[in-house]
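What follows is a short report on a single structure.
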Amino acid sequence: MKRIYRLLRRIREPWTFGMIPEELPAYLEERGLELVEDVNSFEFRKRYMNPQGPHMKEYQFYRAALAQVKSRENQLQIRFFRSFFQ
């Protein structure tokens, strides 16, 4: 992690955001969202990249999270869908 931070500092690319995984649900909750899924880098790569290919050892601290807008009971939800195909 320190190596990555030094690299980013050297190329003047600021590290602007990070999240402690255990704090993610509360962070999302404060913003009207709920966590659907949170997976580590190995699981993400296994699902969405070549599962038989070489796995990067670097960046193991990366995670992928999926969140959705919380539904509020008794609140009218309007959804609009328009098809441009006939």
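The residues of the chain are indexed from 1 along the displayed sequence. In this text, all values refer to a predicted model and were calculated from it rather than measured experimentally.
Atom CZ in R3 sits 8.5 Å away from atom CZ in R6 (nearest 0.5 Å).
Residues satisfying the side-chain contact (heavy atoms from CB on, under 4.5 Å) criterion with E13, sequence neighbours excluded, are L8, I11. Judged as a side chain to side chain donor-acceptor pair (under 3.5 Å), and not counting sequence neighbours, the contacts of R63 are D38. Residues that satisfy the salt bridge (charged side-chain N to carboxylate O under 4.0 Å, His left out) test with E37, not counting sequence neighbours, are R47. The salt bridge (charged side-chain N to carboxylate O under 4.0 Å, His left out) check on E29 picks up K70, with sequence neighbours excluded.
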